[in-house]
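Below you'll find the structure, written out as structure tokens, and then a few comments.
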Amino acid sequence: MLTKPQRIALVRSIRPVFDSLPGGNLAVIVGTRMRPQASVTNTNASLIDATGKACVRASGRYVRARIGILGEFSGLHGFDADVRIQGAR
């Protein structure tokens, strides 16, 4: 049983901050779980779109992101995640 308050995160998109060479792209996978001992559920890989974001939709109490490099890059500096509390408006 979950404790209260049930702070469940809803990840809507991730925008990696990177320097790429022509032809480079990134794939983002978000993993979530409700309990620390539970198995991780991963989203499908999402590529970066024209706005620079990877649109994903995943929710859980524990969240992690995996960013895979496709092509040639000179540096990955971090990422900006669009995260909300699930159910909040």
Side-chain angles (χ1 to χ4, degrees):
M1 185 155 94
L2 298 174
T3 59
K4 294 196 180 219
Q6 293 182 4
R7 304 249 174 172
I8 299 174
L10 173 63
V11 181
R12 300 188 322 172
S13 67
I14 293 182
R15 186 184 61 84
V17 179
F18 61 96
D19 297 324
S20 74
L21 300 173
N25 203 348
L26 297 177
V28 176
I29 298 173
V30 176
T32 61
R33 56 185 165 178
M34 293 301 286
R35 299 173 176 271
Q37 66 274 19
S39 60
V40 176
T41 302
N42 290 317
T43 63
N44 292 327
S46 178
L47 296 176
I48 307 301
D49 62 14
T51 64
K53 297 188 303 186
C55 295
V56 295
R57 195 161 180 90
S59 62
R61 293 186 80 192
Y62 301 92
V63 179
R64 64 185 180 191
R66 188 174 357 162
I67 300 174
I69 297 172
L70 308 170
E72 296 186 36
F73 281 81
S74 58
L76 176 63
H77 308 290
F79 65 91
D80 181 27
D82 181 6
V83 181
R84 305 273 193 250
I85 297 174
Q86 185 167 333
R89 297 278 176 215

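Since we're looking at a predicted model, the values are computed, not measured. Atoms considered below: every heavy atom in the structure, side chains included; atoms not considered: hydrogens, waters and symmetry mates.
To the nearest 0.5 Å, the span separating CZ on Arg61 from OG1 on Thr32 amounts to 13.0 Å. Rounding to the nearest 0.5 Å places CD1 of Ile48 at 5.5 Å from CZ of Phe18.
Taking every heavy atom of both residues into account, Asn25 and Leu47 meet most closely at ND2-CB, 4.1 Å.
By the rule that hydrophobic residues join a cluster once side-chain heavy atoms approach within less than 4.5 Å of another member, Leu26 and Leu70 end up as members of separate clusters. Ile67 and Tyr62 sit in two unconnected hydrophobic clusters of ILVMFWY residues. Membership requires side-chain heavy atoms under 4.5 Å apart, directly or through other members. The same ILVMFWY cluster, assembled from side-chain heavy atoms under 4.5 Å apart, contains both Val28 and Ile69. Residues Val83 and Val63 fall within the same hydrophobic cluster, defined by Ile, Leu, Val, Met, Phe, Trp and Tyr side chains chained together at heavy-atom separations under 4.5 Å.
In this structure a side-chain-to-backbone donor-acceptor pair under 3.5 Å is missing from Ser46 to Ala54.
Just one residue in the list Thr41, Val40, Asn42, Thr43 forms a side-chain contact (heavy atoms from CB on, under 4.5 Å) with Val30, and that residue is Thr43.
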Tell me which donor-acceptor pairs under 3.5 Å the side chains of residues 8-15 have, and how far apart each pair is, sequence neighbours excluded?
unit_1	atom_1	unit_2	atom_2	d
Arg12	NE	Asp82	OD2	3.3
Arg12	NH2	Asp82	OD2	3.2

